[in-house]
Amino acid sequence: MPKELEKQYNPHGAEDRIYKMWNDGGYFTPSGKKGEPYTIVIPPPNVTGQLHMGHALDDTLQDILIRFKRMNGYDALWVPGTDHAGIATQIKVEENLRKEEQLTRYDLGREKFLERVWDWKNKYGDRIISQLKKLGCSCDWTRERFTMDEGCSEAVKEVFVNLYEKGLIYRGHRIANWCPNCKTALSDAEVDNPEQNGFYWHIKYFVKDSDEYVVVATTRPETLFGDTAVAVNPEDERYKHLVGKCVVVPFVNREIPIITDDYADMEKGTGCVKITPAHDPNDFLVGQRHDLEQINVMNDDATLNEIAGKFCGMDRYEARKQLVSELEEMGVLVKVEPTVHNVGECYRCGTTVEPLISDQWFVKMEPLAKPAIDVVRDGTIKFIPENQSKKYFNWMENIHDWCISRQLWWGHRIPAYYCDTCGKMVVSKTDVDVCPDCGAPMRQDEDVLDTWFSSALWPFSTLGWPNDTEDLKKYYPTSTLVTGYDIITFWVSRMIFSGLEHTGKAPFDTVLIHGLVRDELGRKMSKSLGNGVDPLEVIDKYGADALRFTLVTGNSPGNDMRYSDKKVEASRAFANKIWNAARFVLLNLDEDTKAEIPEKLELEDKWILSLYNEAVKGITENLDNFELGVASKKLYDFIWDYFCDWYIELVKPRLFEKGTDSNKRAQSVLAYVLSNTLKLLHPFMPFISEEIWQTLDLEKEPIIVAEWPKYCDCLNFEAEEKAMDKIIEAIRAIRNRRAEMNVPPSKKAKLIIVTNASDVYNASTSVFFEKLASASEVVFADGCDDDKSVSIGTDSAKFFIPMSDIVDTEKERARLTKEKETAEKEIERLEKKLGNPEFVAKAPEKVIAGEKEKLEKYTAQLKNIEEMIANL
RNA sequence: GGGAGCUUAGCUCAGCUGGGAGAGCAUCUGCCUUACAAGCAGGAGGUCAUAGGUUCGAUCCCUAUAGCUCCCACCA
């Protein structure tokens, strides 16, 4: 029994109700029995806070793919989960602690602090999950994971130990980026390098026991306490006589040698460079080559230490200021030169990082990078759009060893154990309490692993690895990874080499890359700008379907997009349009109407079925090729322009005439096209499509598991499609002409059709002109006797509307003449083109046929117009 | 310094591996036509950044230039 729908679609209530129905019905969990597997693992959102627009885009794309594949009979699995996000979360919790209780993590101690972080995780992790549900994500919640849950932790230990045993993880006393605020080492990838205004301070270093001096320049004068050499280029004639001598570092009065190293660039500055191995990555390498002492002058909070003498305890910037002024007083400050340089900043807290030497763990990258490059090179893994792979190659081919230890508390503790008695170190999956060598107690490494270390394992750790589980066997390798271009290096690259190294397989076959969602002005959405748009608020206001459709339409792979409410409004209007189309259909459907194609079809039925068929083909191909935006646009056009604006209008006369066979058949076609179109719509707008589907009540199963429509040659009605197009063209031309003359639609008038195309214009198609072109009646004739009539000429017919009261013959003549000229110009162009022997010889047949057809059309139209002018 | 992307209607953007460019919004005109005013019908609005090249034919391919955005590396 057809039910009635509200006049406007109201997503509230409906969305939660439908989501619950899907969830309770177990539709998100793959049956595991039939169908090829199709797997996506979600890029796990950080538990730091809440979903933003970027997540909404990312997850919408994934949900579209999952729903599409599910409807196509795949055993579709979408694994959800969240990321512990080491630094980010720890900072959040610490901030919170400071604000709420004026406590630091040290006040609480490691164990108590971690309890707080877990509380935070539980609270915000749940919030994120509920947000994903609001968006309509059809994740399999029975398989929800967390990067620090038991299974993922097991995987992390397994990987760490494996890599260590293979010699691919090592511990080194090396220079690394240090965040003095977070008090941890950072990988290169975790350091931003924005431009900043700064200075070069040129400082004199006197040669020992001499009046001679060299001038070195530095942007960080406070590091001079750690200088252990001055380097010049071996080719530099200016300083040859000084090599081997010593200069004296101001303040500390340390004597340091002048050495030669290629690192010193003769072109830069004075050609002399001070070497501070403990505070600069390049200097560190120079220091290694020359066996220089590494003098650390800083504490872990970037205050200077006792090496700095009276500057001890001062913050680096304060010390710098005072140092500079004292250097000036001493007369050794030669020059202060303003400059713009890139300064490393912690990507989480923005504090300027300090290169410091410490004990850190590293992954040896070179052997891992090679196979990872190969699988993308040979197409085992495909990036979409393809040019995004360049970013990947660029990074992989210039890879540095990966610093994986972090001096944080929140994260996977490094499974290394030390014996303070005999110095033994053990790396082990299981806890080691007692030294195997001397029996003394062992302590575990205090540090935790970089967050990305566990994220890198996500595609297989979530499926049960290192255990050989059923899930792993069935769903790994996964199929598609959907993510933004901003984390290709952070994450995608690391998943690829990890997958290859630990499972022997590439973790996915396709990487679908999208861009950023920016604000209306094209700025990155950020907390500091306060320009972020909360997806939940948008969903609340416009509905999840509208947001989803906005994000997918008009967005192409790899490109950024701007968010604006206007766009969502347009999507909501689309949802409402579908809603009302369905409402209309329901109002006109009999109880027993079935959504099937009747044997006998009218012209307009064949027309819409043919267009529907093409839509199925196009949309399916687009989705198969990850052209989601193009697919959604096609669907939009089909639904709005063809189904609503034309087909529904065309069948109204039949629908309003109850009790006839024609009426019944119109109902069937309407129901057929609508219900199948809803299926096409479902991946994009899951809620409204389900809501209408349930109301239509055609099948028992919900639309989420309905079968995706198939293209069929049997619905290919080329001739009828063309005939109907001619009628539509004629109706448009008539409306057009009436509008030009300001004739209101309510003013009906007789329409005389002069034509040979009786297959197109006949008694059964006349009704279209009456309904849609304001014809009071349609008369077929050989010509029009009334000289005061509006004339319209298409290629298939001449139309006359006698309207003596408003027709000005001369104006008609002018108008027709203009149309004639347009047609002539087109004909001239086409004749020229077709007259070009090279074009005819080289262009593909299809193109030539198309041009010929156009020529015929314009020729026929010209003939009609000319005859009408002659008859005026 | 190396690399990538972008430049199409007033605005935001599509354009499916070269055959006379589209949408939404905005704007203008006319409509409360019994699904929808979140709507209907119609109009106006583009040397597809610039200059060359390839081609029968270029918004699309190549080269150069300009402007914008981003990534990587790095300078004392």
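In what follows, chains are A, B, ... by sequence order, proteins preceding strands, each numbered from 1.
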Inset, instruction - Give me the one residue out of A/Ile513, A/Val511, A/Leu512 that meets side chain to side chain contact (heavy atoms under 4.5 Å, CB included) with A/Ile384. - result: A/Leu512
Legend entry - For B/A4, the Watson-Crick or wobble partner whose two distances fall under 3.5 Å: B/U69
Legend entry - Rounded P spacing from B/A51 to B/G15 in Å: 25 Å
Inset, instruction - Give the nucleotide from the list B/G24, B/A26, B/G19 with an atom nearest to the side chain of A/Lys833. - result: B/G19
Legend entry - Separation of the C1' atoms in B/C28 and B/G45, to the nearest angstrom: 11 Å
Legend entry - Candidate nucleotides B/C56, B/A35, B/G15, ranked by approach to the side chain of A/Ala843 - the nearest: B/C56
Legend entry - Non-hydrogen atoms of A/Tyr647 and A/Ala666 that approach each other most closely: OH-O, 4.3 Å
Legend entry - A/Ser556, nearest nucleotide to its side chain (from B/A14, B/G24, B/A35): B/A14
Legend entry - Interatomic distance, A/Leu516 CG vs B/C70 C1' [rounded to whole Å]: 9 Å
Inset, instruction - Compare side-chain N and O positions of A/Lys391 against OP1 and OP2 of B/C70 and report whether any pair is under 4.0 Å apart. - result: no
Inset, instruction - Please tell me which of the listed nucleotides, B/C36, B/G19, B/A4, lies nearest to the side chain of A/Asn387? - result: B/A4
Inset, instruction - Compute both the distance and the angle, then confirm whether A/Arg377 meets the cation-pi test with A/Phe393: under 6.0 Å from the six-membered ring centre, within 45 degrees of the axis. - result: yes
Inset, instruction - Could you give the distance separating B/A58 and B/G19 at their C1' atoms, to the nearest angstrom? - result: 10 Å
Inset, instruction - Examine the base of B/A14 for any acceptor or donor lying under 3.5 Å from a partner atom in the side chain of A/Glu627, and report the outcome as yes or no. - result: no
Inset, instruction - Indicate, with yes or no, if the rings of A/Tyr347 and A/Phe490 have centres closer together than 6.0 Å. - result: yes
Legend entry - Under-4.0 Å side-chain N/O to phosphate OP1/OP2 contact, A/Ser564 with B/U12: no
Inset, instruction - Searching all strands shown, indicate the nucleotide that pairs with B/U47 (Watson-Crick or G-U wobble; both distances under 3.5 Å). - result: none
Legend entry - A/Trp201 six-ring centre to A/Arg320 NZ/CZ under 6.0 Å and within 45° of normal: no
Legend entry - Comparing A/Lys274 and A/Asn588 on RNA chain B - which has the more 5′ nearest nucleotide: A/Asn588
Inset, instruction - Return the nearest nucleotide to the side chain of A/Asn580; candidates are B/G19, B/C70, B/C36. - result: B/C36
Legend entry - Spacing of the C1' atoms in B/C13 and B/U59 (rounded, Å): 15 Å
Legend entry - Who pairs with B/U54 - Watson-Crick or G-U, where each distance is under 3.5 Å: none
Inset, instruction - Measure the distance from CD1 on A/Ile487 to P on B/C72 and round it to the nearest whole Å. - result: 13 Å
Legend entry - Closest nucleotide among B/A23, B/U29, B/G24 to the A/Asn742 side chain: B/U29
Legend entry - Complementary nucleotide of B/G24, counting Watson-Crick and G-U pairs under 3.5 Å: B/C11
Inset, instruction - May I ask you to evaluate whether A/Lys567 reaches the phosphate of B/U12, defined as a side-chain N or O under 4.0 Å from OP1 or OP2? - result: no
Legend entry - Test: A/Lys617 and A/Glu614 ion pair at under 4.0 Å: no
Legend entry - Who pairs with B/C60 - Watson-Crick or G-U, where each distance is under 3.5 Å: none
Legend entry - Candidates B/C36, B/G19, B/C70 - which lies nearest the side chain of A/Pro844: B/G19
Legend entry - d(CG, A/Leu589; P, B/A35) in whole Å: 14 Å
Legend entry - Watson-Crick/G-U partner (both atom distances under 3.5 Å) of B/G39: B/C31
Legend entry - Side chain A/Gln8 and base B/A38 donor-acceptor under 3.5 Å: yes
Inset, instruction - Pick the P atom in B/G24 and in B/G20, then give their distance to the nearest Å. - result: 22 Å
Legend entry - Cationic tip of A/Lys382 above A/Phe626 ring, under 6.0 Å, 45° of axis: no
Below 3.5 Å between N/O atoms, which protein atoms pair up with nucleotides 39-42 of chain B? Just atom names and distances, please.
residue: B/G39; atom: O3'; partner: A/Lys577; partner atom: NZ; Å: 3.0
residue: B/C40; atom: OP1; partner: A/Lys577; partner atom: NZ; Å: 2.9
residue: B/C40; atom: OP1; partner: A/Trp640; partner atom: NE1; Å: 2.6
residue: B/C40; atom: OP1; partner: A/Asp645; partner atom: OD1; Å: 3.3
residue: B/A41; atom: O3'; partner: A/Arg735; partner atom: NH1; Å: 3.3

Legend entry - Rounded distance in Å between the P positions of B/C56 and B/A49: 24 Å
Inset, instruction - Would you kindly say whether A/Thr593 and A/Asp590 are connected by a side-chain donor-acceptor distance under 3.5 Å? - result: no
Legend entry - Near-ring test A/Tyr642/A/Trp646, centroid separation under 6.0 angstrom: no
Inset, instruction - Indicate whether OP1 or OP2 belonging to B/A38 is found under 4.0 Å from a side-chain N or O atom of A/Arg572. - result: no
Inset, instruction - Can you tell me, in whole Å, how much space there is between the P of B/U8 and that of B/C60? - result: 14 Å
